[in-house]
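Beneath this line is the structure, given in structure tokens, with notes to follow.
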Amino acid sequence: MVGTGDIGLDSVYLIILFAPAAIGMLCGLCGRSGRLPGILCAVSCVAGILCFPFHTFSPGLSYELPVGSYLGAYAVSFDQLGSIFISVSSVVFLMVMTHMSHSGHGYTPRYSGMCCALFLAVTLCMCADSAILLLLAWEAVSMVTFLMARTDGNESARWRFLAVTHIGGLVLMAVYGYMWAATGSGYLHDWQGVGGIVGPTASVIMVLLLFIGFGTKLGTVPFHAWMPDMYAASPTHTTVLLTTVCSNAAVLMLFRAVYAYVGADGMTDAGMVLVVLSAVTALWGAMESMIQTEPKRILAYSSMENMALVTLCLSLGLVFSPSSPSLTALVILAGLLHALNHSVFKSLMLLTVDSVEDVTGERQIDRLGGLAKVLPALSAVAFVGVASLAAIPPMNGFISEWLMLQSLIGTDAIASDLRVAMPLLVAMMGVCGMIVATSYARLFGFMFLGRPRSKGASEPRPLRKGSIGPVAVLAGMCVAMGMLSYPLMDALSEGACAVAGIDASYRDGLSGSLEPLTLGIMIFGTIAVVLVASRLFSRGRTETDIWGCGGTLDERMQYSSEGFSQPLVRVFHPFYGDTSGIEGGRYRTRFQEPFVKYIYIPLGSILLRTSLQVKRLQTGNIQTYLGYILATLVVALMAVRLL
Amino acid sequence: MIVVEVLQAVLLIALAPLMSGIVSKLKAGMQNRPGAGVLQPYRDLYKLCRKGRAVSGSCSWIFHAVPVVCMASMLILAAMTPFVYTGVLAPYGGLVTVVYMFTMYRFAMVLGGLEGGSTFGGMGSSREMMMSVLIEPALLLGIATLAVLSGAGTDMGDISEAIATMGVAAVGPALILAACSFMITLLAENARIPFDNPTTHLELTMVHEAMILEYSGKELAMMEYSSMLRMTVFMAMLGSLFLPWGISCTGEPVSLVVSLVLALAKMLVIAFAMALVESVLCKSRLFKVPNLLTVSFALSLIAMISLYIL
């Protein structure tokens, strides 16, 4: 603990981490220039990136604000897991900020100030050590993203987001409040083993509520209804921050709450329920992402799928934990690593999409195409992004999926009948993986390949200077986190096991070997060799047109994105519930999300009908209201007397 | 031993066109045609390599990268597959990586199809992805079954060795079902009848051919060669993982010779089975393909579940 008067290295670090963002926030809110808050936020981000190196240099950094509140002190502490999360999230944050300053969106100073606020809130979520600070920071994340989502004409989407996250927030507040009351301490480090205090039933309920509460943010069905609209309608940089750093914070908080506070004992059945929920979410996210026609909506559903894989791993950990600590360590590592990887490749893809929208002015993939020819550099980084998303070796997405499959195949060690479920999960991973691969091939193919499908795509404006740099860095990270994943996995697993109190190495859970570095060198080496060898056969090359069966092809005479996904829609027709028909002279296929159709719309109409009934009470007549008061009083007094 | 590992990879790489030629020759024989010689694929590839290319003006770097990536991924797979010896040149990730290397190949080819900008390419890519959504889980489950059955982890060489040493004890419902599923997967992955017709040029039935329609010259040769190698790798995997008896685990010269003869015999049997299927069945309607693929999927699922409940 660093004292107030003691100017140690730790205090200096904390000041560099938090102070610039805080000043930037204030500057942004009352200033005229958006540049200063941006720079200040970048300074904080750089400090955030150094969090993990600093942690290894001087572990056990913690600090408590000398001014407390009625509800307890404001304290932060950094552990290994948290500092890794902060470091990776800060890299993403910094790249988003850099891209933003070169994007030409003309964001207001207030928006930049809000970015600083979001950085503060997210970082505090990851390192808070007191319950009050954690809850405040979590609430701030919701509020700031809500404010940052403001554009012309997405009011409905962001209000829906606010409503759903607040339902989640209330659930979380209840759970944290209960834990607070049970332990009698406002410090999170005192909450270890709260599950033992409250008893098994309450623990199970708390774990379920935690998954639901954070699930509203991570898009677990049926709480995902806000996601696609919100992602598509908000400014892209808000979407990036929401889906990457905010999700990272949510995953970290969920992990800590479930594994460190409540504990994973006796959760096998609850774990299985959550596994099923996550598997359904993953499949649904994958299937929906395949039929969307806006890049951001495709990526929104893909976030849902990826986050479902993370929650799947975290809930599988609950199932494995009684029988095999090493498998638990492995599956937890797979989940946490996937969250980090996701934040890197998803920000890469969203920023690329932002650049594409910027240069072409088109937002539908059916009006893009052929951009690889005019924007080769952007297409190359986007290729790295989709390769990571589709888990192609040796990218980082592949590593985390490899770990997940290892944990599923290696379930020989787990006891009992639940093993039978593992083949089903392997199958689920396979189906899900291929559907999302289809979806990303479609996304990349219709954005960058083929012939341009609109004027904007055929004559794009030049790419803004400096907007390729941040995405190139993220692409480099995708490759690096894939090929050099062992040091990261070791550090992450060490941190996670320390938090969850698991005394085992994830390597004992592996039933096969993986050498990502050698594999990567081999893949790139073979590609290089084949490339050089094919150059040796360099014969003549004739420029021709694409064969058009004797005619000339116009831009609409190629496959449409709807047509591309149509065979799979036909195969999965019962799930999509799609209806096709001729409307206004055009053949259209319409999709209505079953969750909206069968849950939200009926729920909404029931609520509306109930409130119409309740409205009858409101007569506006003062005598009636006095009558209500009298009746309530009489009933209350009688109740008190009788009990 | 590294010499043996290199040699077996080289052997697979060199044998690929021959296997394709043998299947065609057997098929021709069953259909009462003389057919081209078994060395015809080598001649075809040589011819294509000598020809110039016709490239559309609207094609980008991706168009030229796709054949390279496809071929590289298959070459790596050849180095990962045990064929006559259980040690492999590239044991860097086991069978999960193998499945993802197939995904890499498919992903690249699908992008190549979309890049052409013709309607055929898009159509082929779209159909290929539809099939692969059902093929890949079956493949994944099939080899996961082997990992659990052998209890030797997920490294290909270890599985092969473990099943070979288990002997007859390994033959059970799980292995048989998984092998059947793998055989269906083999046909589907390699664009054979009843899933696709490798020799068709009728646009309504094309899947694999449609994706490589825009390629010519050496790039077409690379695409064709990669698909031949893919078939050979699949046949080698079926032989050395599902029926591994006789494979050399020690690398002694005598056992290697025996193993080589047996491996070639297994491949001939598989080629015969493929030719037979192609001769007696006709290509199935596109939207009937998922039914057959679901059978393969169900077989592999039952195979793996049977390991846990039997």
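Letters A, B, ... mirror the listed sequences (proteins, then strands); counts begin at 1. Since we're looking at a predicted model, the values are computed, not measured.
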Which region of B:Glu214, side chain (C-beta onward) or backbone (N, CA, C, O), has a non-hydrogen atom less than 4.5 Å from a non-hydrogen atom of chain A, or is it both or neither?
-> side chain
Separation between OG of A:Ser511 and CG of B:Leu95, rounded to the nearest 0.5 Å | 8.5 Å
Would you mind checking which part of A:Leu514 comes under 4.5 Å of any heavy atom in chain B, side chain (CB onward), backbone (N, CA, C, O), both or neither?
-> both
Identify the two heavy atoms, one from A:Gly430 and one from B:Glu136, that lie closest to each other, and give their separation to 0.1 Å.
-> O-CG, 4.3 Å
Closest non-hydrogen atoms of A:Arg451 and B:Ser58, given as atom of the first, atom of the second and distance, are CG-OG, 3.8 Å
Would you mind checking which part of B:Pro91 comes under 4.5 Å of any heavy atom in chain A, side chain (CB onward), backbone (N, CA, C, O), both or neither?
-> backbone
dist A:Leu424:CG -> B:Met304:CE (nearest 0.5 Å) comes out at 9.5 Å
Side chains of B:Ser126 and A:Gln566: do they bring a donor and an acceptor to under 3.5 Å?
-> no
Would you call the rings of B:Tyr100 and A:Phe398 parallel, tilted or perpendicular if under 30° counts as parallel and over 60° as perpendicular?
-> perpendicular
Between B:Met71, B:Arg50, B:Glu128, the one whose heavy-atom pairs under 4.5 Å with chain A are most numerous = B:Arg50
Is it the backbone or the side chain of A:Ser379 that comes under 4.5 Å from a heavy atom of chain B, or both, or neither?
-> both
Under 4.5 Å heavy-atom distance to chain B, tell me which part of A:Ala533 shows up: side chain, backbone, both or neither.
-> neither
Side chain / backbone / both / neither for B:Thr294 at chain A, heavy atoms under 4.5 Å | neither
Looking at A:Leu568, A:Thr544, A:Val529, which makes the most heavy-atom pairs under 4.5 Å with chain B?
-> A:Thr544
Please state whether the side chain, the backbone, both or neither of B:Leu111 comes within less than 4.5 Å of a heavy atom of chain A.
-> both
Take B:Met123 and A:Phe564, measure what side-chain contact (heavy atoms from CB on, under 4.5 Å) needs, and give me the verdict at the end.
-> CA-CA 7 Å; B:Met123 186 183 71; A:Phe564 186 79; over 6 Å; no
Which pair of non-hydrogen atoms, one from A:Ala372 and one from B:Ile62, has the smallest distance, and what is that distance?
-> CB-CG1, 4.3 Å
Verdict with supporting geometry, B:Phe107 and A:Val386, side-chain contact (heavy atoms from CB on, under 4.5 Å) = CA-CA 10 Å; B:Phe107 199 74; A:Val386 285; 4.2 Å; yes
Can you check side-chain contact (heavy atoms from CB on, under 4.5 Å) on A:Ile523 and B:Met104, steps first, answer last?
-> CA-CA 11 Å; A:Ile523 288 173; B:Met104 176 173 167; 3.7 Å; yes
A:Val431, part contacting chain B, at a heavy-atom distance under 4.5 Å | both
Drop me the distance from B:Leu114's CG to A:Tyr559's OH, to the nearest 0.5 angstrom.
-> 10.5 Å
Would you indicate whether the side-chain heavy atoms of B:Val96 and A:Met404 approach each other to under 4.5 Å?
-> no
How many angstroms lie between atom CD1 of A:Ile409 and atom CG of B:Leu140, to the nearest 0.5 angstrom?
-> 6.0 Å
Proximal component of B:Ala147, with respect to chain A [non-hydrogen, under 4.5 Å] | side chain
Judged by atom type as modelled, is there a donor-acceptor pair below 3.5 Å linking the side chain of A:Thr542 to the main-chain atoms of B:Arg53?
-> yes
Check the pair B:Tyr92 / A:Leu517 against side-chain contact (heavy atoms from CB on, under 4.5 Å), numbers first and verdict last.
-> CA-CA 9 Å; B:Tyr92 304 127; A:Leu517 186 60; over 6 Å; no
Side chain, backbone, both or neither: which part of B:Val55 has a heavy atom under 4.5 Å from chain A?
-> both
Is it the backbone or the side chain of B:Ala79 that comes under 4.5 Å from a heavy atom of chain A, or both, or neither?
-> side chain
What is the minimum heavy-atom distance between A:Met434 and B:Val133, and which atoms define it?
-> CB-CA, 3.6 Å
With a 4.5 Å heavy-atom cut-off, do A:Leu449 and B:Phe63 have their side chains touching?
-> no
A:Leu536 side, atom CG; B:Lys218 side, atom NZ - distance, nearest 0.5 Å = 8.5 Å
Out of curiosity, A:Leu405 CG to B:Thr97 OG1, how far, rounded to the nearest 0.5 Å?
-> 10.0 Å
Main-chain N/O of B:Gly57 paired with A:Lys373 side-chain donor or acceptor, under 3.5 Å = yes
In terms of heavy-atom pairs under 4.5 Å, which option from B:Ala90, B:Gly217, B:Ser125 contacts chain A the most?
-> B:Ser125
Minimal heavy-atom distance between B:Thr119 and A:Met557, with the atoms involved, is OG1-O, 4.2 Å
Which atom pair, heavy atoms only, marks the closest approach of A:Ile527 to B:Ala72?
-> CG1-CB, 3.5 Å
A:Pro423 vs B:Tyr308 side-chain heavy atoms within contact, under 4.5 Å = yes
By a 4.5 Å heavy-atom criterion (distance strictly below it), what part of B:Met131 contacts chain A: side chain, backbone, both, or neither?
-> neither
